[in-house]
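Scroll down for the structure; my scribbles are underneath it.
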Protein chains: 2
Amino acid sequence: MNRFLSNATNRIDAKGRVSVPALFRSVLVQRGVQELYCLQDLVFPAISVGGPDLLERYERQIAAADPFSPEANRMSLLVHGGGVFMRLDAEGRLMVTDFIRDFTGIGTDVTFVGRSDHFQLWQPQAFHEAQAAAREGRLSMSRPQ
Amino acid sequence: MNRFLSNATNRIDAKGRVSVPALFRSVLVQRGVQELYCLQDLVFPAISVGGPDLLERYERQIAAADPFSPEANRMSLLVHGGGVFMRLDAEGRLMVTDFIRDFTGIGTDVTFVGRSDHFQLWQPQAFHEAQAAAREGRLSMSRPQ
DNA sequence: ATGCTTCCCATTGACGCCCATATGGTCCCA
DNA sequence: TGGGACCATATGGGCGTCAATGGGAAGCAT
C-alpha cells in the first residue's frame, strides 16, 4: 500500500502527543517523507498533513499569479503563514499544537483520515458527521474529490 | 527547512524587545542574512522583514512600473520612505519601534508570520482576522492539482 | 545627569530524546 | 484447534537541553 487509506483514532497523551497510525507511517517511509507539512483544509475543519510536495502544489498556485498582487499576497498568507512543518518523534508521534486544536476542535482524541496522497487530522465526532453527511449527498457545495 | 513557514506569537518585554522565533532565526543564518530590512506590507497592516534581497525585489517591481505612474510613486513612498534597517541582539531579539507599532497596532504581543522568502510582524488578532477573511474569500483560490 | 540602547547573565518552562509498559494481534506448535 | 510465546503498536513518563523571557549593569547621546 503506497497511499493513505482508511482512518484510525488515537488518544492524545498528557504531553499533547499522539501516535500516527503505523500504516500511515509506513507510507511516509515509502515516499521518503521526513518533514511533514501541515495545512488547514480549505473546506473542512481538518488539518491536512503531507510531504513537501503538498506545499509545493499550493506554491505553484501562488506562483501562477502576479507576485505583487493582493491575490498572491492573500494566498501566501494562508499557505505560508498558516502552514506548519512538523517532525515525528522516534516513536512516530506528533505534537498536537494549539494551532491544530483551535482549527479542528480536537480535544482528547484525533482521527487520522487517509486522503490518498496525504492524510488529515480530525476531531473524531466532526469526522463522523462529515462522513455521514457525505454519504447522504448533502455536500453539494463541497469541492470535488 | 530553508523557508519562512508557519506562525508564532511572542511577548514584548518591558524594554520593547521581542524574540524572533528560533526557526526563523535559523533560516536567516542559512541565508547569511545579518541586516534586516523592514517595510510596510502593501495590502495588510503588517511589517515585512527580510534580507537586502527583499528591498531589491520591491525596487525591481517599482522599476518595472511606469516611473511616473501613481502606483510607482506610491510604492516608492512606502519602500524607500517607510523602510528601516534593523539588527537582532545577541539573543535573537528585535526592538519593536513606534514605527512598527503605529502601522500594525501591535501592543503587548507580536505574531511572526512566515511568507516563504521573508516573514512579517502582525498584531495577533489582526492576523487571525486576516487569515479568516482570506479563507472565506477562497473562491478565487481553487484547490490545486 | 537622564533617558535609551547594548551587552551579559539568570530563570523557567516547553520540547526533544530516550526508555519502560501495556495491549492487542499473529504465528507456531502441541 | 486451542493455548501460549512472540511481536508490533500504542501509550506513559523521566530527564536534559534549548528557546523565550526577565532584569541588571555598562556604554552612548541628548
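In the text below, chain A, chain B and the rest are named by the order of the sequence lines, each starting its count at 1. Note that the structure is a prediction, hence the values are computed from the model and not measured.
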**Message:** Please list all pairs meeting side chain to side chain donor-acceptor pair (under 3.5 Å) that have one or both residues in residues 4-14 of chain A, counting only residues at least two apart or in different chains.
**Reply:** A:Thr9-A:Thr111, A:Asp13-A:Arg17

**Asked** What does nucleotides 16-30 of chain D look like as a protein-contact string, B for base, S for sugar-phosphate only, - for none, at under 4.0 angstrom between heavy atoms?
**Response** ---SSBBBBB-----

Using a 3.5 Å cut-off and no angle test, enumerate the donor-acceptor pairs between side-chain atoms of residues 37-46 of chain B and protein atoms at least two apart in sequence or in another chain.
residue: B:Tyr37; atom: OH; partner: B:Val79; partner atom: O; Å: 2.6
residue: B:Asp41; atom: OD1; partner: A:Asn73; partner atom: ND2; Å: 3.2
residue: B:Asp41; atom: OD1; partner: B:Val43; partner atom: N; Å: 2.6
residue: B:Asp41; atom: OD1; partner: B:Phe44; partner atom: N; Å: 2.7
residue: B:Asp41; atom: OD2; partner: A:Asn73; partner atom: ND2; Å: 3.3
residue: B:Asp41; atom: OD2; partner: B:Gln120; partner atom: NE2; Å: 2.7

**Asked** Listed in order of residue number, which residues of residues 95-103 of chain B have a non-hydrogen atom at under 4.0 Å from DNA chain D?
**Response** none

**Prompt:** Is any side-chain heavy atom of B:Leu88 less than 4.5 Å from a side-chain heavy atom of B:Arg93?
**Reply:**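 No, side chains not in contact.
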
**Prompt:** For the pair made of CG in A:Leu94 and C1' in C:dC17, what is the distance, rounded to whole Å?
**Reply:** 16 Å

**Request:** Specify the separation, in whole Å, of atom CG of B:Asp89 and atom C1' of C:dC4.
**Result:**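 B:Asp89 atom CG is separated from C:dC4 atom C1' by 15 Å.
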
By side chain to side chain contact (heavy atoms under 4.5 Å, CB included) - contacts of [X] (at least two apart):
| X | result |
| --- | --- |
| A:Ala126 | A:Trp122, A:Gln123 |
| A:Asp66 | A:Phe68, A:Ser69 |
| B:Thr97 | B:Met86, B:Phe99, B:Ile100 |
| B:Glu59 | B:Leu55, B:His80 |

**Asked** Who passes ring pair (Phe, Tyr, Trp, His ring centres under 6.0 Å) against A:Phe4, sequence neighbours left out?
**Response** A:Phe24, A:Phe119

